[in-house]
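Structure, as structure tokens:
In what follows, every chain begins at residue 1, and chains take the letters A, B, ... in the order their sequences are listed. All values below were derived from every heavy atom in this structure, side-chain atoms included, with hydrogens, water molecules and symmetry-related copies excluded.
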Amino acid sequence: MPETLRHILASESPQSAITVRGWVRTKRESKSCAFLEVTDGSCFRGLQAVVDATLPSAALLSKVLTGASVEIVGDLIESPAAGQKWELQATELRLLGEADASYPLQKKGHTPEFLRTIAHLRPRTNLFSNVFRVRSRMAYAVHRFFQERGFFYVHTPIITSSDCEGAGELFRVTTLKQGSPEKPEEDFFGQPTYLTVSGQLQGETFACALGNIYTFGPTFRAENSNTARHAAEFWMIEPEMAFCDLFADMTMAEEQVKYLVDAMLTECPEELEFFNKFVDKELVNRLKQTLEKPFERISYTDAVDLLLKSGKSFEHPVVWGEGLQTEHERYIAEEHVKGPVTIYNYPKSIKPFYMRQNDDGKTVAAMDLLVPGIGEIIGGSQREERLDVLRAAMGHHGLSEEDYSWYVDLRRYGSVPHAGYGLGFERLLMFVTGVSNIRDVIPFARTPGHAAY
RNA sequence: UCCUGAGUAGCUCAGCGGUAGAGCGGGUGGCUGUUAACCACUAGGUCGUAGGUUCGAACCCUACCUCAGGAGCCA
């Protein structure tokens, strides 16, 4: 493998006769020479190549427009001008792939809305190359966090027949033709199947065998949600821990968010500087504040109290027993706490059947971690491990034990207290980059009406 | 799905009843090292689509489409 710009730019001393391959970002021409800014994607910065007008290959310059791919041989020298430490004094320029005048990216800024229409070219821009380098680093940090703590990575199914009740609308998976007289039992799997909305239920079975496990993979929601925070296909991180209660669960969630924020601060400094300058000027401050102190914890009941006493007039009334609205969550995270906050012990009527019922009979051991600007980034709970209580909850939710017999079996054979949560990977990326639209942290976003590429 | 706003050159926008504009990007020429280079010239448009009002519509009205912001649902 030839050296990438990431290594070349970190060079300690000049080098002669090196080869650089990449894409032209800008060209600045004057009479005696031309300056080509070349990037290869390996890092944010590019390398300035100086092509003297007397070089034989300088004749190619008229065809080297923004977006063209080039191979340049030359000497890495200290740049005599301000703006960069190193530059490449070219001895030979080769045009690998022309980009004609219709190339849509120019050196001036583009709006994210326009760039979404050219998702195949936007990773060549500053913003998106930074976003997707960070996405890769963060995915690695997610695995590192769990692997360092002895968690096992479990690949839960993407096609599933269980609908993880309460997690939203599902996409149907079928080989039956539309309008076909065939019945579901004649379908490929012999029963209705869907794209998974969560690996949690299957994850629980592995936690009740391997101890601590996590999943990290794509999940799907067929909700007609049109917001900057929802996508039909997104990646979720779902740890599940045996012998774990709600408070240990909350501690784990906090530890993970801090670990990932720290990874952003220490491993992606160039990208972070860019985001802080061009995307969100408060980003670095906010990330540093996240690490400073323990996340506040407020019970749902106390949260309702403080909302009622806030003196704020909310569009939606604050009522114990109803879900917290976005405006309520924003007030708590952004005005009351001014930082990440975990709300726990929600009314059981608004939560799914598998959450553990508390002794008060009214609430379940659920928790949501809210962060300023984004809202819910993590949702989790301690799971109901008592056979009779779980059966009763399933009855209340109108679920048949037959459909979940394997899930109920976990409570029948060696049941243990266990807990877990789901962290939306894209929401985490929005938090650490400051990018405000989920469509801009996914390589090819799937939202209602949009599945191009 | 609901509410609000916006669609004018490849991109970002100005024009808001009376001959379609600028910057960037492209082309040509100039400039002794530029940094979103600079200077001059130049090409580039069914003003989202379809109706309507008017002597006259990019501009006013209606519908639809698309996008954005907010809400619901949630991660």
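- Between the C1' atom of B:rG27 and the CG atom of A:L61 lies a distance of 16 Å, rounded to the nearest Å.
- In this entry the distance linking CD of A:E426 with P of B:rC74 reads 19 Å, nearest Å.
- Using a 4.0 Å heavy-atom distance criterion, A:G109 is classed as a base contact.
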Report each atom pair, protein N/O against N/O of nucleotides 43-49 of chain B, whose distance is under 3.5 angstrom.
none

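- Side chain of A:Y331 to main chain of A:K312: no donor-acceptor pair is present (N/O by atom type, distance under 3.5 Å, no hydrogens or angles).
- Using P as the reference atom, B:rC47 and B:rC59 are 10 Å apart when rounded to the nearest Å.
- For A:E113, counting side-chain heavy atoms from C-beta on, the closest listed nucleotide (B:rC31, B:rG72, B:rA68) is B:rA68.
- Of the candidate nucleotides B:rU12, B:rU34, B:rC24, B:rU12 has the atom lying nearest to any side-chain atom of A:T111.
- Atom CG of A:L170 and atom P of B:rC73 are 18 Å apart (whole Å).
- Relative to the ring axis of A:F295, A:K258 places its NZ or CZ within 45° and under 6.0 Å from the centre.
- Rounded to whole Å, the C1' atom of B:rC2 lies 13 Å from the corresponding atom of B:rC73.
- One N or O on the side chain of A:R446 and one on the backbone of A:A452 form a donor-acceptor pair closer than 3.5 Å.
- When ring centroids are compared, A:F353 and A:H396 stay outside the 6.0 Å threshold.
- Candidate nucleotides B:rG33, B:rG72, B:rC74 were compared by shortest atom distance to the side chain of A:R221, and B:rC74 ranks first.
- The nearest whole Å value for the distance from the CG atom in A:L324 to the P atom in B:rA71 is 15 Å.
- Using modelled atom types, no side-chain atom of A:N130 and backbone atom of A:E271 make a donor-acceptor pair closer than 3.5 Å.
- Rounded to an integer number of Å, the gap from CZ of A:R229 to P of B:rA68 is 14 Å.
- Using a distance-only test at 3.5 Å, with no hydrogens or angles considered, a donor-acceptor pair links the side chain of A:S69 to the main chain of A:G97.
- Nucleotides B:rG44 and B:rA9 place their P atoms 15 Å apart, quoted to the nearest Å.
- Judged by distance alone, with hydrogens and angles left aside, A:E29 brings no side-chain donor or acceptor close enough to the base of B:rU34 to form a pair under 3.5 Å.
- Between B:rA58 and B:rG17, the two P atoms lie 13 Å apart (nearest whole Å).
- Nucleotides B:rU8 and B:rC3, compared at atom C1', are 27 Å apart to the nearest Å.
- Remark on RNA chain B: of its neighbouring residues A:N437 and A:F425, the 5'-side contact belongs to A:N437, judged by nearest-heavy-atom nucleotide.
- Between the P atoms of B:rG45 and B:rA20, the separation comes to 14 Å (whole Å).
- Listed for the A:K27 side chain is a donor-acceptor partner under 3.5 Å among the backbone atoms of A:V64.
- Proximity of A:T227 to the phosphate of B:rA71: no side-chain N or O atom is located under 4.0 Å from OP1 or OP2.
- For A:E37 against B:rU35, a side-chain-to-base donor-acceptor contact under 3.5 Å is absent.
- Using modelled atom types, one finds a donor on one side chain and an acceptor on the other under 3.5 Å when comparing A:H316 with A:E327.
- Of the candidates B:rU1, B:rU34, B:rA75, the closest approach to any side-chain atom of A:F234 belongs to B:rA75.
- The CG-C1' distance, from A:L36 to B:rA37, rounds to 14 Å in whole Å.
- Proximity of a side-chain donor or acceptor of A:E240 to a complementary backbone N or O of A:H418 within less than 3.5 Å is not detected.
- Side-chain proximity of A:L65 to B:rG27, B:rU35, B:rC73: nearest is B:rG27.
- Among the nucleotides B:rU34, B:rG72, B:rA75, the one closest to any side-chain atom of A:Q325 is B:rG72.
- Residue contacts shown for A:S79 include a base, since a base heavy atom lies under 4.0 Å away.
- A:K107 has a side-chain polar atom (N or O) that falls below the 4.0 Å cut-off from OP1 or OP2 of B:rG25.
- In the interface, the side chain of A:Q84 is paired with the base of B:rU34 through a donor and an acceptor atom under 3.5 Å apart.
- Side chain to side chain, A:R25 and A:Q48 fail the donor-acceptor criterion of an N or O pair below 3.5 Å.
- Heavy atoms of A:Q48 sit under 4.0 angstrom from at least one base atom.
- Side-chain atoms of A:T251 and A:E255 include no donor-acceptor pair closer than 3.5 Å.
- Checking the phosphate oxygens (OP1, OP2) of B:rG33, a side-chain nitrogen or oxygen of A:S30 falls inside 4.0 Å.
- Remark: B:rU46 base-pairs with no nucleotide in the shown strands. Criterion, Watson-Crick or G-U wobble with two distances under 3.5 Å.
- Comparing the same atom, C1', in B:rC64 and in B:rG7 gives a spacing of 14 Å after rounding to whole Å.
- Between the C1' atom of B:rA36 and the CZ atom of A:R28 lies a distance of 9 Å, rounded to the nearest Å.
- The CH2 atom of A:W86 sits 24 Å away from the P atom of B:rG33 (whole-angstrom rounding).
- Of the side-chain N and O atoms in A:R439, none sit less than 4.0 angstrom from OP1 or OP2 of B:rC67.
- B:rG23 and B:rA40 are spaced 9 Å apart, taking the P atom of each and rounding to whole Å.
- When distances are taken from the side chain of A:A228 to each of B:rG70, B:rA75, B:rC31, the shortest belongs to B:rG70.
- Residue A:S225 has its side chain nearest to B:rG72 when only B:rU35, B:rG72, B:rG25 are considered.
- Nearest-nucleotide positions on RNA chain B place A:P80 closer to the 5' end than the other of A:P80 and A:E329.
- Counting only heavy atoms from C-beta on, A:H110 has its side chain closest to B:rC11 among B:rA75, B:rC11, B:rG33.
- Base pairing annotation: B:rA6 forms a Watson-Crick or G-U wobble pair with B:rU66, both donor-acceptor distances under 3.5 Å.
- Closest to the A:H316 side chain, of the nucleotides B:rA71, B:rC67, B:rG25, is B:rA71.
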